[in-house]
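Read through the structure below, which is laid out as structure tokens, and then see the notes.
Every chain is numbered from 1, with letters handed out A, B, ... down the list of sequences. Only this structure's heavy atoms are used, side chains among them; waters, hydrogens and symmetry mates stay out.
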Amino acid sequence: MLKVQNLTVAYSDTPVFTDVAVNFNAGKITGIIGPNGAGKSTLIKAMLGLIKAQTGTVEFNGHTLKQFQKQIAYVEQRKDLDLTFPISVFDVVLTGTYGRLGLFRQPSKADRQRCLAALQRVDLADLADRQIGQLSGGQLQRVFVARAILQDAQLIILDEPFVGIDLQSETAIMAILHQWRDAGKTIIVVHHDLNKVSRYFDDLVILNHGIVDYGPVQDVYTPANIERTFSADLSAVLFTQGGAQ
Amino acid sequence: MQSITTFITALGKYDFLQSALITAIMVGIMSGMIGSFIILRGMSMMGDAISHAVLPGVAVAYMLGINVMIGASVFGILAAGLIGLVANKSKIKTDTSIGIVFSAFYALGFILISLAESSTNLHHILFGNILAVSDTDMMTTTVVLGLVILFIVFFYKELLITSFDPTFAQTYGFKVQVLHYALMLVLTLVTVSALQTVGIILVVAMLITPAATAFLWTDRLGVMLGLAAGIGAVASVVGLYFSYTFNWASGPAIVLVAAVLFGISFVISPKQALLPSLFKGKARMGRRVPA
């Protein structure tokens with residue numbers, strides 16, 4: 001379980017959120033939703049130690065961030081990457097071994113085989129030699145999921161993995177998330193689109209400059225919460241015709 | 001053609017020309033390789049800044065009679081640190097911070113050099129004087145080339161991941177900043193070596209142009225490093241030949257040859273280039289594979 005306690009993050013004195021306390025359970029896929037600028041990406045970046053929090057602690061199974069750093073796989077937003085970089089699909093996935101290898105050690109033959117297996121798992125083995133800029137959005141997202149597979153982490157955090165990808169990639173990625181869940185890993189997904197929320201996630205965190213609500217998705221994904229966080233119109237659209245799916 | 005024969009004959013005859021050629025090749029190789037990382041990290045401005053910021057270090061080294069490498073390294077790292085400090089601790093953007101720091105260092109360098117006067121020749125520092133390379137200079141350049149190669153071999157993984165995906169490197173606890181400053185240190189050493197061949201003002205061209213040319217020809221980092229080194233070396237040799245034959249300043253001659261190589265590549269290389277895209281037209285878009 002990932003335990004976040006009284007976490008506060010501010011950009012130049014304007015707090016993004018204050019005193020956030022939330023738990024993410026092992027063996028669950030937890031979605032984080034909220035309006036634009038609600039602090040979703042900021043929350044996960046603070047949990048990962050990528051940005052400095054003013055106050056607060058983050059613990060994973062009783063360990064501090066430094067102790068469990070090698071247990072994390074982070075799948076960042078595709079738009080943050082340089083897609084013209086001279087690197088192949090295979091070599092991107094292989095960077096998933098770097099954290100474990102540390103300095104002065106090179107990926108072994110076994111690592112390369114695991115890398116190929118991870119690519120096969122996301123159905124991209126035949127594109128292994130492509131330069132990454134030549135892939136579609138969905139294929140690229142699968143490449144980064146394959147890297148997370150290679151990292152073999154206990155905590156996997158994905159930032160907007162389903163934005164602008166095709167159905168085939170979405171299905172493939174969901175299958176892998178389910179596999180991770182069944183293996184007892186903790187999976188956190190920042191999510192933008194409110195459709196499919198209850199189909200994707202077991203638990204849900206609603207964020208809007210602080211925690212609005214969190215818990216099992218059926219308890220949290222309610223018309224009242226959506227109306228409170230987003231708008232009454234959106235709530236009406238989402239919850240008519242058979243309620244929350 | 002006559003002049004090429006003359007150049008080769010002269011190479012056999014004059015030691016100074018041999019030293020010049022060997023030094024020029026070594027500088028071409030090291031700046032091509034380090035330059036590849038500089039352009040991939042989007043740090044071309046930083047490369048330019050560091051190369052200018054070593055000037056006071058060169059002056060101080062002359063004044064104190066210590067090795068130029070030491071003086072230059074101190075000021076190179078100091079400049080890199082100040083640029084980072086101003087950009088991180090204020091709302092000023094990095095490019096502005098670079099502009100402020102490097103121009104100040106450069107100005108300080110000018111004043112210090114005019115104070116030192118003596119045997120230092122400002123013109124040679126600024127534009128390079130490859131034909132005056134001493135044996136010590138050549139030795140130093142050899143050591144720097146060795147360091148550059150070792151640095152890239154030992155930290156290849158780290159250089160790759162921090163250039164391509166620094167956020168990812170941070171998530172597994174890698175100290176991205178430490179490698180950044182190590183790269184800045186190596187860049188400073190390369191800069192001082194390149195002072196001999198192309199001079200301070202044109203060092204940035206040796207860092208960027210061969211690397212950018214190589215980038216146009218390949219999709220693999222390893223290949224890019226090798227190509228950039230090769231292109232840097234070729235530009236140095238051909239530039240030296242022009243410099244010797246037509247009595248041009250060595251720096252501008254080398255840099256112009258590198259620019260011509262880039263221009264040719266820009267027109268005919270398969271990636272992002274003029275000619276293939278003219279022929280293929282919209283077909284280039286087809287490189288994106290639909291899912």
Worksheet entry | Any residue of residues 155-166 of chain B which, by heavy atoms, sits under 4.5 Å from chain A | F155(B), K157(B), E158(B), L160(B), I161(B), S163(B), F164(B), D165(B)
Discussion item. Return the CZ to CD1 distance between F168(B) and I72(A), rounded to the nearest 0.5 Å.
Written reply: 11.0 Å
Item to complete: Counting only heavy atoms closer than 4.5 Å, note whether Q71(A) contacts chain B via side chain, backbone, both or neither.
Response: neither
Practice prompt. Heavy-atom distances under 4.5 Å only: say whether L65(A) touches chain B with side chain, backbone, both or neither.
Written response: neither
Worksheet item: Which atom pair, heavy atoms only, marks the closest approach of L103(A) to F174(B)?
Response: CD2-CE1, 4.2 Å
Item to complete: Please report the shortest heavy-atom distance between K70(A) and Y172(B), naming the atom on each side.
Response: NZ-O, 3.3 Å
Worksheet item: Counting heavy atoms not belonging to K28(A), are there more than 12 under 6.0 Å from its NZ?
Response: no
Worksheet item: Among all residues two or more places apart in sequence or in another chain, which pass the salt bridge (charged side-chain N to carboxylate O under 4.0 Å, His left out) test with R181(A)?
Response: D202(A)
Fill in: Least distance between heavy atoms, L40(B) atom then P86(A) atom
CD2-CD, 3.4 Å
Worksheet item: In Å and rounded to the nearest 0.5 Å, what is the CD to CG distance from Q170(B) to L48(A)?
Response: 10.0 Å
Worksheet item: Do D219(B) and Q134(A) have side-chain heavy atoms sitting under 4.5 Å apart?
Response: yes
Worksheet entry | Any R220(B) side-chain heavy atom under 4.5 Å of D129(A) side chain | yes
